[in-house]
Trainee: 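This is the structure I want to talk about, given as C-alpha cells.
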Amino acid sequence: MNATHQYLFDAARAARLGDPPPPAPGIHDLVVLRAARDRRRFARVLAGRPARGGLRTALIRAVLFGAALFGASRSGPSRTALSRTAPSRPAPAPCRRPAD
C-alpha cells in the first residue's frame, strides 16, 4: 500500500464518520524541506560556521577531490577554475625616475 491508497482509505473513513478529510499526500513537502533547511542553517550558526554556502563548498570539495582521486582530465574542472581567489598577476615593473 502506498501513500495514495492510505489517503483514500483515510478520506473514506473521515467521510463516513463526518470528520474533515486529511491533507493530501505531498501538500506539506515544501514546508518540511524548508524547515529542514532552516534547522540545518541554525545548527551551523550555533557551531560557529557560516549559515550559507555549505552545500556549494561541499560540492566544490567533492569535485576537486574526485579530480585528484581519478586524475584530472583536460575536459574536467581544474583546481584554479573553481578557486575563489583571483588569478595571480605578474608584478608591475618598477618606475624609474629620469636622471637630472
Side-chain angles (χ1 to χ4, degrees):
M1 179 182 323
N2 59 23
T4 304
H5 291 130
Q6 185 65 47
Y7 169 73
L8 292 173
F9 285 133
D10 291 341
R13 183 181 311 123
R16 190 176 54 228
L17 297 175
D19 294 336
I27 293 292
H28 301 293
D29 288 353
L30 288 178
V31 174
V32 171
L33 290 176
R34 285 184 185 128
R37 180 194 62 197
D38 291 344
R39 178 147 176 95
R40 214 172 29 248
R41 283 183 180 170
F42 183 67
R44 288 180 64 85
V45 169
L46 289 181
R49 297 188 308 260
R52 291 183 166 216
L55 179 62
R56 180 179 296 157
T57 303
L59 289 174
I60 289 172
R61 189 178 305 125
V63 167
L64 292 177
F65 178 72
L69 184 65
F70 298 113
S73 64
R74 296 244 182 232
S75 62
S78 66
R79 186 175 293 270
T80 57
L82 295 175
S83 172
R84 289 183 182 245
T85 60
S88 61
R89 292 182 237 164
C95 294
R96 303 208 186 263
R97 294 182 65 189
D100 289 326

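The figures here come from the full heavy-atom set of this structure, side chains too, leaving out hydrogens, waters and symmetry mates. Numbering of residues begins at 1 and proceeds along the displayed sequence.
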Trainee: Could you pull out all residues at least two apart from Ala15 that satisfy side-chain contact (heavy atoms from CB on, under 4.5 Å)?
Mentor: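 With sequence neighbours excluded, Ala15 shows a side-chain contact (heavy atoms from CB on, under 4.5 Å) to no residue whatsoever.
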
Trainee: Enter the distance from Met1:CE to Gln6:CD here, rounded to the nearest 0.5 Å.
Mentor: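 Nearest 0.5 Å value for the CE-CD distance: 5.0 Å.
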
Trainee: Which atoms form the tightest heavy-atom contact between Tyr7 and Pro25, and what is the distance?
Mentor: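 Where Tyr7 meets Pro25 most closely, the heavy atoms are CG-CD, 3.6 Å.
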
Trainee: My understanding is that a hydrophobic cluster links ILVMFWY residues whose side chain heavy atoms are under 4.5 Å apart, including indirect links. Using that, what else belongs to the cluster containing Ile27?
Mentor: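 Ile27 clusters with nothing; isolated.
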
Trainee: Residues in side-chain contact (heavy atoms from CB on, under 4.5 Å) with Asp29, at least two apart?
Mentor: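 Applying side-chain contact (heavy atoms from CB on, under 4.5 Å) to Asp29 gives none.
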
Trainee: Apply side-chain contact (heavy atoms from CB on, under 4.5 Å) to Pro21 and list each qualifying residue two or more places apart in sequence or on a separate chain.
Mentor: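 By the side-chain contact (heavy atoms from CB on, under 4.5 Å) rule, Pro21 matches no residue at all.
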
Trainee: What are the two closest non-hydrogen atoms of Pro20 and Ala14, and how far apart are they?
Mentor: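 Smallest interatomic distance, heavy atoms only, reads O-CB, 3.7 Å.
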
Trainee: What salt bridge (charged side-chain N to carboxylate O under 4.0 Å, His left out) pairs are there with at least one residue in residues 12-25, not counting sequence neighbours?
Mentor: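 Sorted result for residues 12-25: Asp10-Arg13.
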
Trainee: Nearest 0.5 angstrom please: Leu8 CG to His5 NE2, how far?
Mentor: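 Result: 7.0 Å between the selected atoms.
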
Trainee: Identify, with sequence neighbours excluded, every residue that meets side-chain contact (heavy atoms from CB on, under 4.5 Å) alongside Arg40.
Mentor: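 For Arg40 the side-chain contact (heavy atoms from CB on, under 4.5 Å) partners, ignoring immediate neighbours, are Arg37.
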
Trainee: With the side chain counted from C-beta on, respond yes when Leu59 and Val63 share a heavy-atom pair under 4.5 Å apart, and no when they do not.
Mentor: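 They are not in contact (no side-chain heavy atoms under 4.5 Å apart), so the answer is no.
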
